[in-house]
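Accompanying notes for the structure given below.
We count residues from 1, following the sequence as given.
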Amino acid sequence: MGERPGTSPEDGAGVVDGPLLTSVGASEEGMFAQVSGRLQFRSDCLLLGGTPVVWPEGTSWSRPILTIPGGDEVEVGQRVEGGGGYLDLDAVTRSFGEDVAREARRCLGGTGEIAVFNPGWEVRRVG
């Protein structure tokens with residue numbers, strides 16, 4: 001698959017930049033689950049434990065390194081964790097826009113869920 005064009009924040013509350021899906025802005029409110037897993041890159045999809053993921057704004061991807069807000073670098077195979085939750089496609093569409101949902105749908109696994117780190121909250125490399 002070729003490179004997909006990036007989208008801007010005006011297209012919704014999320015941005016698509018190649019395989020990287022990010023939220024826009026920050027929020028003091030959020031979901032209360034722990035999102036964690038190993039970073040994977042498969043079929044032009046960035047996954048967390050096999051699940052598509054929406055990262056907080058400020059995350060960047062330069063294969064094979066994901067840089068999370070704060071500057072920590074995460075290599076494919078390493079674990080990350082942070083506050084957030086797991087949403088279905090309808091909730092991702094409402095929260096982050098159709099472009100983010102379309103890319104997440106392309107990468108969905110058997111659970112039908114997308115991992116979402118709370119916008120603006122800390123994500124950290126584990127181990």
Check your understanding: Does any N or O in the side chain of Q40 come within less than 3.5 Å of the main-chain N or O of G50, such that one atom is a donor and the other an acceptor?
Key -> yes
Exercise for review: Identify the heavy atoms of R125 and V80 that sit nearest to each other, and give their distance.
Suggested key: CA-CG1, 4.1 Å
Check your understanding: Which is it for M31 and N118 under the side chain to side chain contact (heavy atoms under 4.5 Å, CB included) test, yes or no, and what are the steps along the way?
Key -> CA-CA 7 Å; M31 297 175 280; N118 289 326; 3.9 Å; yes
Review point. Mind checking whether L46 and W61 have side chains closer than 4.5 Å, heavy atoms only?
Key: yes
Check your understanding: Going hydrophobic residue to hydrophobic residue with side-chain gaps under 4.5 angstrom, can you get from V123 over to Y86?
Key -> yes
Review point. Are the side chain of R63 and the backbone N or O of F41 linked by a donor-acceptor pair below 3.5 Å?
Key: no
Check your understanding: Is there a side-chain contact between L66 and S60 (heavy atoms, below 4.5 Å)?
Key -> no
Practice item. Examine W121 and I68 and state if one hydrophobic cluster contains both, with Ile, Leu, Val, Met, Phe, Trp and Tyr joined whenever side-chain heavy atoms are less than 4.5 Å apart. Key: no
Point to revise | Note, F96 side chain near T22 side chain (heavy atom, < 4.5 Å) | key: no
Exercise for review: Compare all side-chain heavy atoms of V100 with those of T93 and state whether any distance is below 4.5 angstrom.
Suggested key: no
Review point. Taking the side chain as C-beta and beyond, is there a heavy-atom pair between L21 and W55 under 4.5 Å?
Key: no
Exercise for review: Could you check R105 against E98 for side chain to side chain contact (heavy atoms under 4.5 Å, CB included), going step by step and ending with a plain yes or no?
Suggested key: CA-CA 10 Å; R105 181 182 309 115; E98 182 55 43; 3.6 Å; yes
Review point. Between G85 and A33, which heavy-atom pair has the shortest distance, and what is it?
Key: CA-CB, 3.9 Å
Review point. What closest approach, in Å, do V35 and L48 show between heavy atoms, and which atom pair accounts for it?
Key: CG1-CD2, 3.6 Å
Practice item. Please answer whether the main-chain N or O of L20 pairs with a side-chain N or O of D17 as donor and acceptor at a distance below 3.5 Å. Key: no
Exercise for review: Considering non-hydrogen atoms only, spot the tightest contact between V24 and E57 and give its length.
Suggested key: C-OE1, 3.7 Å
Exercise for review: Search all heavy atoms of F117 against all heavy atoms of G82 and return the closest pair with its distance.
Suggested key: CE2-N, 3.5 Å
Review point. Would you say the side chain of C107 lies within less than 4.5 Å of the side chain of L47, judging by non-hydrogen atoms?
Key: yes
**Study point:** Distance-minimising heavy-atom pair for I114 and A104
**Key:** CG1-CB, 3.8 Å
Review point. For Q78 and L39, what are the C-alpha separation, side-chain angles and deciding distance, and is it a side chain to side chain contact (heavy atoms under 4.5 Å, CB included)?
Key: CA-CA 6 Å; Q78 291 184 309; L39 180 65; 5.8 Å; no
Practice item. Look only at the side chain of T59 and the backbone of P56, and say whether a donor-acceptor pair between them is shorter than 3.5 Å. Key: yes
Check your understanding: Passes salt bridge (charged side-chain N to carboxylate O under 4.0 Å, His left out), R38 versus E75? Steps please.
Key -> CA-CA 9 Å; R38 291 196 186 282; E75 294 184 39; over 6 Å; no
